[in-house]
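Take a look at the structure set out below.
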Amino acid sequence: MVEQASRRPKVVIVGAGFGGLNAAKALRNAPADVTIIDRYNHHLFQPLLYQVATAGLSPGDIAHPIRSAVRKQANTEVLMGQVSAIDKAARRVHIEDRAIAYDYLIVATGAAYNYFGHDEWKSLAPALKTVQDATTLRRRILLAFEKAEMSTDPVERDRCMTFVVVGAGPTGVEMAGAIAELAHRALASDFRHINPRSARVLLVEAGPGILAAFPEKLGNRAADELRRLGVDVRTGAMVEGVSEEGVTVNGELLPASTVVWAAGVAASPAAEWLEAEADRAGRVLVQPDLTIAGHPEIFVVGDTAHTRGEDGNPLPGLAPVAIQQGKYAAAIINRALVGN
């Protein structure tokens, strides 16, 4: 089924994360019809997912309906669906059995974690990108303490109370610190046969330092703070295997019952949909104005885009970057619409 073209210009936004939702809000007064497409019906405040995973917040605290966010925007609709293709020539976005026409397109589909060819590790070392991921990890973390409480085997008890976080970007750093606080503070007095304060939290990073996207001074300071919380920070630590027993790092098996994956990202299939040039992580190589070559009507923002800052380095995949890019793309579209 192909939707009939509207009399007014049509702006389609794929993805309702920080970039997409802020673009939609910036288009609230645009003389156009705006359609937001997302595979979920809620906007997720991803920076706080680690708080849900460590029982600090409930899912409802960080997930809010997309429709509520744009309820007062008369020119905006929300469609829940999975994009399967984008036809640049016909200017249509395909979702399931529908084809949505557009005059301007903003692709803000984010990224997923990269297991570097070892997708079999996903079930053993879940990542943290969705509410479902966070609740799964919360269950695993809390059950690990319960299993330790019930165990009469000191070796198994130690394994249950060992938590390994792979990857020391912002999510990995936050997750490691939150698990340490959970063990050393929140749960410290809740058990009778174990001492949660004796839990081990290891943060392993293949690179030479943590928070590589930030200045080295900040990474060093964060590492010091983590160590003060009781986190064992290991850099230059390459993960070679993940199993039911734990994680193998630089040839050493680290027995652990709970492993969290926060290492590297892989972009959504946007580059394939758009048949656009991409970097090694799959992010679309965009022009300085966030459009793709030869298509000034198509913008790619947030974690889906490979953009460089004034220093020539790629901009980090953080919410403030996505927010600014979403607003910037919307501003260009607004000017074009008014000019028309």
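When reading the values below, keep in mind they use all heavy atoms of this one structure, side chains included, and skip hydrogens, waters and symmetry mates.
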Answer yes if the side chains of [X] and [Y] hold a donor-acceptor pair under 3.5 Å, and no otherwise.
{"X": "Tyr102", "Y": "Thr35", "value": "no"}
{"X": "Ser68", "Y": "Arg71", "value": "yes"}
{"X": "Thr130", "Y": "Asp133", "value": "yes"}
{"X": "Thr307", "Y": "Gln325", "value": "yes"}

Discussion item. Strictly below 4.0 Å, N to O, side chains only: are Glu252 and Arg234 in salt-bridge contact?
Written reply: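 Arg234 and Glu252: salt-bridged.
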Practice prompt. Answer yes when Glu77 and Lys10 have at least one side-chain N-carboxylate O distance shorter than 4.0 Å, and no when they do not.
Written response: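 Looking at Glu77 and Lys10, the cut-off is met.
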Worksheet entry | Validation row: Ile298, Thr291 side chains within 4.5 angstrom (heavy atoms) |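 Heavy-atom side-chain distance check fails, nothing below 4.5 Å.
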Fill in: Beyond-backbone contact of Ile210 with Val233, side-chain heavy atoms, under 4.5 angstrom
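Yes. Closest side-chain heavy atoms under 4.5 Å.
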Practice prompt. Could you tell me whether Lys88 atom NZ has more than 12 heavy atoms of other residues or ligands within 6.0 Å of it?
Written response: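 Yes - once you tally the heavy atoms of other residues, nucleotides and ligands closer than 6.0 Å, there are more than 12.
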Decide whether [X] and [Y] are clustered together by the hydrophobic rule: side chain heavy atoms of Ile, Leu, Val, Met, Phe, Trp, Tyr closer than 4.5 Å, transitively.
{"X": "Val321", "Y": "Leu211", "value": "no"}
{"X": "Leu105", "Y": "Leu285", "value": "no"}
{"X": "Val166", "Y": "Phe116", "value": "yes"}

Practice prompt. Take Leu27 and Ile13 through the test side-chain contact (heavy atoms from CB on, under 4.5 Å) and record every step on the way to the result.
Written response: CA-CA 11 Å; Leu27 290 165; Ile13 300 171; 4.2 Å; yes
Interatomic distance, [X] atom [atom1] to [Y] atom [atom2] [nearest 0.5 angstrom]:
{"X": "Glu146", "Y": "Arg139", "atom1": "CD", "atom2": "CZ", "value": "11.5 Å"}
{"X": "Leu137", "Y": "Thr54", "atom1": "CG", "atom2": "OG1", "value": "10.0 Å"}
{"X": "Arg157", "Y": "Thr152", "atom1": "CZ", "atom2": "OG1", "value": "7.5 Å"}

Worksheet item: For the residue pair Trp261 and Trp121, does the interplanar ring angle fall in the parallel (under 30°), tilted (30 to 60°) or perpendicular (over 60°) class?
Response: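 Ring orientation, 0 to 90° scale: tilted.
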Worksheet item: Just by distance, do the side chain of Asp232 and the backbone of Val201 share a donor-acceptor pair under 3.5 Å?
Response: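 No; judged by distance alone, with no hydrogens or angles, the pair does not exist.
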Practice prompt. Verify, without hydrogens or angle tests, whether Thr162 (side chain) and Asp158 (backbone) share a donor-acceptor contact under 3.5 angstrom.
Written response: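 Present.
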